[in-house]
Structures are given as structure tokens and as C-alpha cells.
Participant: 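Have a look at this one before I ask anything.
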Amino acid sequence: MTEAPLIVPGTAGPRSSGAEGQDDLLAGLNPQQLEAVTYRGPALLIVAGAGSGKTSVLTRRIASLLRGREAWPSQILAITFTNKAAGEMRERVAGLIGDAARGMWISTFHSACVRILRREAEQFGFTKSFTIYDSGDTRALLKRLVKEHEADAYGLTPASVMGRISKLKNELSDAESYARQANMSDPVERKFVELFADYQRQLRKANAFDFDDLIGQTVYLFRAFPQVADTYRRRFRHILVDEYQDTNHAQYALIHELTRPVSSDAPDPYASNGMMIFEPETTPALEGASLTVVGDSDQSIYAFRGADIRNISEFERDFPGARVVLLEQNYRSTQNILSAANAVIGNNFDRKDKKLWSDKGDGDAIIGFTGYSQHDEAQFVADEIEVLRRAGMPYSEMAVFYRTNSQSRALEEIFIRSAVPYKIMGGTKFYERAEIKDALAYLVAVANPADEMSVRRILNKPRRGIGDVTETAIARFAEEHDISFRDALANSAQLGFGPKIQAAIAHLDAVLAEATAIMLPASGELPAPTTVADGLSLLLSKSGYLDSLRASRDPQDEARVENLDEFVAVARDFARNNPEGTIVDFLTEVALVSDADDLDDESGTVSLMTMHTAKGLEYDAVFVTGVEEDLIPHRISAGEPGGPQEERRLFYVGITRARKRLHLSLAMTRAQFGEVTVAMPSRFLQEIPAALIDWRQSPGDVNSRGGMQSRALNARRSGGFGGSGSGDRFGVKALPGRDSLKPLSTAMDKFPNRVTAKMRDNGDLELTAGDRIRHVDFGEGRVDAVTGEGAKRIAHVRFDTAGQKKLLIKVAPIEKI
DNA sequence: CTAGCCATGCTTTTT
DNA sequence: GCATGGCTAG
């Protein structure tokens, strides 16, 4: 959440006289911001429009509490949506008040709950080293259960069951409570309840929580053990929640639990327990913690996943006496961009009217472009990026947004060819790659041997000749002897397998045991800081995992080895930053990283991401691509209640990320599922006043054959298209044949996240200034200069018709003539 | 038990 | 158009 710094000339508001030494905290705030920082009371809602400086306000509010000695750091709990946002907030608070910032809890809902759960796990049948199941783990488990229960016969798929369970958990429902009100005469319902209950049983048996449990079980813990809840209520006196519009019911309930008055004066079990609780004066009964929430209902884009907009719209009812502060001045964007944003969001009914304004002046017009295909559109983006770059804007200040991850492919292809350095946020996530999940499973097998799923996962990775039959036999043996799956491996001799398989199992058991000895020393001795990385290396090499990848001829396996190296490096990094960190800490951190947390902005690359991921970020120049019906708003949203409105908010979030330059682009045809379909301009385009957009190539220009047809903006399904003419002119078949394809590991260095780099490889094509070349899309041209080295050699070409381009020689579809 | 072939379904968004 | 999963042959 990088908001514009709040140094706004000439708007220094009235000074609060109450607090001393806070002038710098209050400097430059507008009156509303000032109130948001200085108001004191039980509950405060800050309605913060996009770019209105909410992060500054939040951090200053925290700093002001600390500096005024109104709170100890340990009494503050600040909750953000992503780890990245949490890190930034911590940094900014530290920047304001220095080291005193340590000891505060600034974290996501999920990390905060994990911390609490780890402390209290033993209260209700878990151990401190429980594992966290991410959605992939959950899916895998449900897949097994659906099969075992033969639930597919009832039309239940792992995905549908997963969705329903998640939804229920977000409503704080569990299998029993759901069963009580479900229509149990319906066999499908009965089956679902059966699955839900079994799923929960399996989680417990595996000593694991899924994502939703982290929140839900914490709420359960607080409700079931009031004295536990009281310790946290005593401790956290100031709770601040960012992105409140995205909270779901479970998160709402958690906040509610934490802000209740402390009823009992039960002795504090942690007071003598080493946990740092600063309690200036010990009062027997304590009123509820003060709550500050910040949100913008216009930016609520996670209803699909249970976020409940009512949490914010009914805040005043839920917390009587709450103060509401509105921040409407935007310090980020030009007025043109804001006017477009206001116009779009104004079409949502049922919202509190709120108009963002800026004193930055109109700025440049919004630029519109309609491509023939998604490749054409991508080329426009790439070209425009180069124009901006030449005008002095760094790549790191530009971002390209899209609705669905699959849209990134076309952009990527063109960017590689045009030598635009880019970085994809999210997409195929590092921690979801098979090899990383395998490595993690090895670690989990050590850290939490009760987690059967992880042990099963690595059982035959690398191939050890252990198949289904053997796996089932081990499971049966474990059950018969009432031991865990993991412990069954230690008795390989009694399993009754052939010598080969027996040896394989014994070896795996030995490797796991050896790693356990390193990473979880039996007695109190502290493991060395490098222990996680060492243990990981040991597991990967002694298990034979790395060797089998290295031996493979599959080029993708080479990239997998690199990814694993990277993962070991992550572990070392972790050790450096957390000298006392245990394997469990490491796994926790890894389980809770998200897309938005990706590697820090290395300067010098354009960022590509979905509009969802873009929330909370800002850039000088923004490209919103694929502004088409069925994409934004997405087709699937049409049938969902509130769907189209949420899509509009998503689009609104996208365009309000831009500071100076906004580009809206679309394509007239788009390949989906390998089929080319006709795309219509998004209805949202019509909602933007025409005067604000400067169309480089409007939908009308592209669609009308012969120029008679009126602008496609208003056209329904205008048949005038399918012809073989314009549609294919660009892109579509522009990609070179895929025969001489080899992965280009060197050029991919910068993008370690991608394994599947099937790309043309010109290899050693020699080019020098003066050469004539032919390009598949751009035709003939002359090489002006060649820069860079090796795989990154770039040809600067002046095309006869297409103008100046930069091309990555290794991959560009070019030939010398 | 594995490898290789074929069919299917997939693309909304994520802590 | 791709990846995954299921099936079959060896």
C-alpha cells in the first residue's frame, strides 16, 4: 500500500495542541486526515477513497499513539491484507518512531491467527507444530475423500466441495452446525455433510489447519476458552484493521471477540510466562480495546470469497458511538483519471456517493486503443512502454493489468520479443510448483510427521518403485498397529514387501530420521541458524530427489533444479533474517506468502498482474488491458448476485492505480481455448465521458469494414466480422513454428518463475549494424545497432513501415536477408 | 509399476 | 492450447 507521501504544500491543517512532540506527525495533513490521526475513542471508521493517503494516516495514527505514550508497542495490533502491506506499514512506523516499533503486532489476519494458535494449540488437541494447508493441499485431500466416499456419484467434485466448505467456514459454520439446519433428506446434502465432517477429522488427525480454519478456529478458541481470549483482550488495547471492506464474517467475528470488554478478572496466565505484557496499571475489569478500521466500499473486490461489505456499511451500528471520517482528496492521480473513475463507479447503485478530487490538474488524456487481436493489443502496450521509457519514465513505474491470468501469455510473448523487461506478479506461483511442493512436503514430513498427506506425497518422489498397492499396504499396516503412517515406514521389515521396496522404504525413513535429528534436536539444545537450509539440502540430496532431476532428459527438470536451488536460497535468507527461526517458523512463513508479496520491486522491470493483485499499488503509468465484455465484467460474474457491480469496482480499482498516465486497451478478437472469438468492448468504456479518452484506434475504427458501420461501442453483435481479412493480419499465427524449440535458460534467468519457456531460439544468429532483416510481423527493416551480450543481445531495428523497435535477437521471429 | 497415449476440461479473482 | 488425469500396454 504505497500511498503518495502526505507532504502537501499549503494544506497544513489546524494543529492539535494535545500531544507534544507530534508536529512532524501532523504536518501537512488535511483536516480530515488530521482528525483520523488524532481522534480518540472506542471506534473509528476511516472511509478512505483510493489514493487518499490512508496508509499514511494509519501509520501516523499508530506513531502518535506510541509517541504520546498512550500505548505500548505490545498493545497494538495492526492487521493488513497482505504480508507486503504489513511489512510496509511496519517500515513506515519505524521510520516515524524508530526502534520502538518493535514488539507491535503488524500482520495479516492469517499470520496473527497462526501466532495465537501456535501458542494455544495444546488447549484443544493440536500441537505447536501444526501444518497449514494451502488450497492445493486442501484440494488434494478433498480429492482423496471424494473418491473414498464415492461422492462423485452425487455430482460432488473436489472443487465444489472445497468451495462450499470454505464458504461455510467463513460463516463460522462447522459440519455439525451445518448438518443441523441442512435438508438431510437430500442424499447429496447428506453426502456433503459426511465429506465435510471427514475432511475436518482428517485435518485434525494430520495436526493441520486450512486457511479458513486459521481464522475460524481462533474465533472458536476465543469463544470456548474465555480466559484465553481475555489474555489477548488485555494485551491488545488498540486494534487497527486495513482494507476493512474485504473482511469476511469470520474475520469480523474475530475483531469483535478481541474488542470485547474484559469481563472476568481471572489471573493472567501469561503474566509470569515470559510473554511480554506491559500493563501500566492492573485493572480488574477493562473496557474493550479501541478499534480503528480503514476501508473503501468502492474497492471491495473479494465478495466472491466471502468478504461482506456490510461489515463496513454497518460499522456504526455494530460499534455504537463510532466516529466516521471521510477522506476524499486524492493525492495520487490527475483529475482526468479521477473523473473517469468517478464516472464509472457512479453507475453502481446502492453506494454512498463519494467523489474523489485532486488538485493535480487535468493531466494527460486517457489513451484508448483497440487491437485486432490480443497480440496486436500487446504490441501496442509494448510500443507505448518504449515511448514512455524514452521519455524518461523508468520501467518500474509502469504496470500492465488484466482480468485473468491467462491474458498474461500474449503480453509476455510480445514483451520478450520486444525486449521489454517485465515481471509477472502472481500467476503460476513459486510455492505452487510441483518441485517446491515436494520439497515442502519433505520438510513437513519432518516437522509434523502426523501430516500423512505430506508423507504420502514424498513416498514415491523420486521414483522408488512404490506405487498405489504399496502405499495402501503401508496405510493398512499403520491402521492395524495403531501407529502413524510415518511410523509405519520405520518398520519396513515387517511390512512384508520384496527386498527392493523394503530397502527403498528403509532408505526414505533413514533420510527423514537424519533430517529430523538435525532440525529438531531432541533435548533443549538450540538448533544452529542454518539448520533449515541444511536440513532441506540434506533431504533433497540424500533422498535422491535432486539426482533424479539432474539425470532426467526433460529440459523442464533443469529449471526445476534451479527452482529448488532458489528455494534453498530462500531458506538461507530466512535463517539470516531469523537467526532463531525454526523449521516450523519457516514453514509458516512460506505457507502465508501471497502473490502480492512477491520479490521486492527490483527497479527496472514493468510489472504485470491481475487487477486483484493491483489493489493497494500505484504506478505512474498503468495499462488496463482486455477491456472487453465477458472479460471485465467477466462472463461468470453475470449470473452472480452483485457480480457486475463487483466487476465495476474491480475496474475502478484498476484505473485508480494510475498517477499520470492511463491506457485502456482491448482487442476485437481474442483466442480462448485455442479458438478465436469475437470480443465486444466493455460496457464500462461507455461509462467514461468520451472527452476524457483519446482513442488512438477506437473500436469503431477497427470494427467497421468500409467505414460505414457506426462505432462498435454501441453495437450489439455486429455480424460484420468473421471475414478472413483484418482479423488475422496481426498475431494469431504470428508465432514461429514450434519445431526448433528449446528452453532458453539464460534469457529466462530473470524470470525464475516460469518453467515452460517454449520459445523460438535463433541461437547464434549474428547481426551487425547495417544488416537487413525480415520480421514476421513488422516486415523488412535495417539494423541500427546491436547491444547487450549473449542471450540478451538486442537489435535496434528501423523497420520500413513499422518504425523503430528493439528486438531480443535470440527469440525474435526474424531472419537475415 | 511405469511410461506413454488419449481425452477432458479449463480460465475469475486469493489469504 | 495446455495441463492434468485416466487408461493401457509392457
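For clarity, every value in this text was computed on a predicted model and none was experimentally measured. The chains referred to below are lettered A, B, ... by the order of the sequence lines, with proteins before strands, and numbering in each begins at 1.
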Participant: Using a 4.0 Å heavy-atom cut-off, does A:I466 contact any base of the nucleic acid, only the sugar-phosphate backbone, or nothing at all?
Facilitator: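 Sugar-phosphate only.
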
Participant: Just checking, any donor-acceptor pair under 3.5 angstrom between side chains of A:D213 and A:Q200?
Facilitator: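 Judged by distance alone, the side chains do pair up.
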
Participant: Go through the N and O atoms of the side chain of A:H634 and the base of B:dT12, and report whether any donor-acceptor pair is under 3.5 Å.
Facilitator: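 In this structure, the two groups form no donor-acceptor pair.
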
Participant: I need the single residue from A:E628, A:R683, A:Q645, A:R648 that forms a side chain to side chain contact (heavy atoms under 4.5 Å, CB included) with A:P633. Which is it?
Facilitator: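 The passing option is A:R683.
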
Participant: I'd like a table of donor-acceptor pairs (distance under 3.5 Å, sequence neighbours excluded) in which one partner is a side-chain atom from residues 215-222 of chain A, with atom names and distances.
Facilitator:
unit_1: A:T218; atom_1: OG1; unit_2: A:L214; atom_2: O; d: 2.5

Participant: Under 4.0 Å: is that the gap between some side-chain N or O of A:T82 and OP1 or OP2 of B:dT15?
Facilitator: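 No, no such contact exists.
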
Participant: To the side chain of A:H612, which of B:dT13, C:dG5, B:dC1 is closest?
Facilitator: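 Selected nucleotide: B:dT13.
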
Participant: Counting side-chain heavy atoms from C-beta on, which of B:dC1, B:dT12, B:dT15 comes nearest to A:E647?
Facilitator: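 Closest nucleotide among those given: B:dT12.
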
Participant: Considering heavy-atom distances to DNA chain B, does A:R463 or A:S406 have its closest nucleotide positioned more toward the 5' end?
Facilitator: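 Whichever sits nearer the 5' end wins; that is A:R463.
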
Participant: Regarding A:N448 and A:T131, do their side chains bring together a donor and an acceptor under 3.5 Å, going by distance alone?
Facilitator: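 Side-chain D/A pair, A:N448 to A:T131: present.
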
Participant: Considering only side-chain heavy atoms of A:S135, which listed nucleotide, B:dT15, B:dT14, B:dT11, is closest?
Facilitator: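 Looking only at side-chain atoms, A:S135 lies closest to B:dT15.
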
Participant: Could a donor-acceptor pair under 3.5 angstrom be found where the side chain of A:R403 meets the base of B:dT13?
Facilitator: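 Present.
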
Participant: May I ask you to evaluate whether A:N405 reaches the phosphate of B:dT12, defined as a side-chain N or O under 4.0 Å from OP1 or OP2?
Facilitator: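 Checking B:dT12 against A:N405, no side-chain N or O comes under 4.0 Å of OP1 or OP2.
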
Participant: For a quick check of understanding: with a heavy-atom distance under 4.0 Å over all strands, which category does A:K500 fall into, base, sugar-phosphate or nothing?
Facilitator: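 The answer is nothing, as A:K500 stays clear of every strand by at least 4.0 Å.
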
Participant: Which nucleotide wins on minimum distance to the side chain of A:R305, given the candidates B:dT15, B:dA3, B:dT13?
Facilitator: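 Shortest atom-to-atom distance from the side chain points to B:dT15.
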
Participant: Apply salt bridge (Lys or Arg N to Asp or Glu O under 4.0 Å) to residues A:K169 and A:D174 and explain how you reach the verdict.
Facilitator: CA-CA 6 Å; A:K169 285 186 172 181; A:D174 57 24; over 6 Å; no

Participant: Please confirm whether the ring centroid of A:Y652 lies under 6.0 Å from the ring centroid of A:F684.
Facilitator: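 That pair fails the under 6.0 Å test.
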
Participant: Going by centres under 5.5 angstrom and planes under 30 degrees, do the aromatic ring of A:Y302 and the base ring of B:dT14 stack?
Facilitator: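 No; by the centre-distance and plane-angle rule, A:Y302 does not count as stacking on B:dT14.
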
Participant: Please list residues of residues 244-256 of chain A whose heavy atoms come under 4.0 Å from any atom in DNA chain B, ordered by number; otherwise none.
Facilitator: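 The stretch gives none, as no residue of it lies under 4.0 Å from the strand.
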
Participant: Taking only the side-chain heavy atoms of A:T610 (C-beta and beyond), determine which of B:dT15, B:dA3, B:dT13 contains the nearest atom.
Facilitator: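 Of the options given, the side chain of A:T610 lies nearest B:dT13.
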
